[in-house]
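Worksheet for the structure shown next.
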Amino acid sequence: MKRLQILLIIFILTLSNIGFASEIKWLSLKEGMERAKTEKKPIIVDFFYGKGCPRCEVLEKSVYGNPAIAKKVMDDFIPVKVDLTKKLTKEEEELGNKYDFKNDCLLLFLDHNGDVIKDPSGKRFCFAETIDTEQFVKYLDMIKSLP
């Protein structure tokens, strides 16, 4: 009986770890830029406010909280969050100002050198408004397929 309980506990812990494996582990801008250069991966930079911001809450729950999207982000990108409720570092402020964030929410897709990624028509991949799940996956796939 005791063995059965131990096996049950191990099984439950294994299942709970599978759920956590799809969680996005956000980095600071400095850490993200360093890691992107080393791993040669594109970067997702989210300038966010968090609770109380409708755009941030929708992204957090519907997009980042989606296990399939979280796995894709962790496998193919370097995820960076810039908390707009705190004092920004010089680098965070410079990056935001470069793309006219005006201390508001902004989502950037950068290459591993820190330059904004453009689609084949030359349009920048950066957004201030909310993005639905399907649209977000399309952008991730498009960015990943760019040379």
**OP:** Check whether any side-chain heavy atom of H112 lies under 4.5 Å from a side-chain heavy atom of K41, and answer yes or no.
**Re:** no
**OP:** Pick out which of D104, D83, L108 makes a side-chain contact (heavy atoms from CB on, under 4.5 Å) with F47.
**Re:** L108
**OP:** Kindly give the heavy-atom pair with the smallest separation between K25 and M74, and that separation in Å.
**Re:** N-SD, 3.3 Å
Show which side-chain atoms of residues 29-37 pair as donor or acceptor with protein atoms under 3.5 Å away, not counting sequence neighbours.
| unit_1 | atom_1 | unit_2 | atom_2 | d |
| --- | --- | --- | --- | --- |
| E31 | OE1 | S28 | N | 3.0 |
| E31 | OE1 | S28 | OG | 3.1 |
| R35 | NE | E39 | OE2 | 2.7 |

**OP:** Over all heavy atoms of both residues, which pair between C105 and C53 is shortest? Give the atoms and the distance, please.
**Re:** SG-SG, 3.5 Å
Subject >> E57 CD to Y49 OH distance, which is reported to the nearest 0.5 Å >> reply: 14.0 Å
Subject >> Close side-chain approach of L88 and V82, heavy atoms under 4.5 Å >> reply: yes
Original post:
Are the side chain of E23 and the backbone of A70 linked by a donor-acceptor contact shorter than 3.5 Å?
Top reply: no
**OP:** Output yes when K71 and D75 qualify as a salt bridge under the 4.0 Å nitrogen-oxygen rule, no when they do not.
**Re:** yes
Original post:
Under a 4.5 Å cut-off applied to non-hydrogen side-chain atoms, are L27 and I78 in contact?
Top reply: yes
**OP:** Check whether any side-chain heavy atom of V80 sits under 4.5 Å from a side-chain heavy atom of I44, and report yes or no.
**Re:** no
**OP:** Side-chain contact test, heavy atoms from C-beta onward, threshold under 4.5 Å: evaluate it for L110 versus P42 and give yes or no.
**Re:** no
**OP:** Only counting residues at least two apart or in another chain, list the ones meeting side-chain contact (heavy atoms from CB on, under 4.5 Å) with D115.
**Re:** K98, D111, N113
Original post:
Has the side chain of S62 got a donor or acceptor atom that lies under 3.5 Å from a matching backbone atom of L59?
Top reply: no
**OP:** For the pair E93 and N97, evaluate side chain to side chain contact (heavy atoms under 4.5 Å, CB included) and give the outcome as yes or no after the intermediate values.
**Re:** CA-CA 6 Å; E93 198 166 322; N97 287 336; 3.7 Å; yes
Original post:
Is there a chain of hydrophobic side chains (I, L, V, M, F, W, Y, each step under 4.5 Å between heavy atoms) that links F48 to Y99?
Top reply: no
**OP:** Would you give the length of the straight line joining atom CG of N66 to atom NZ of K72, rounded to the nearest 0.5 angstrom?
**Re:** 10.5 Å
Original post:
Please walk me through it: do L95 and V45 pass side chain to side chain contact (heavy atoms under 4.5 Å, CB included)?
Top reply: CA-CA 10 Å; L95 180 63; V45 181; 4.1 Å; yes
Original post:
Hey, what do you get for CH2 (W26) to OH (Y64), rounding to the nearest 0.5 Å?
Top reply: 4.0 Å
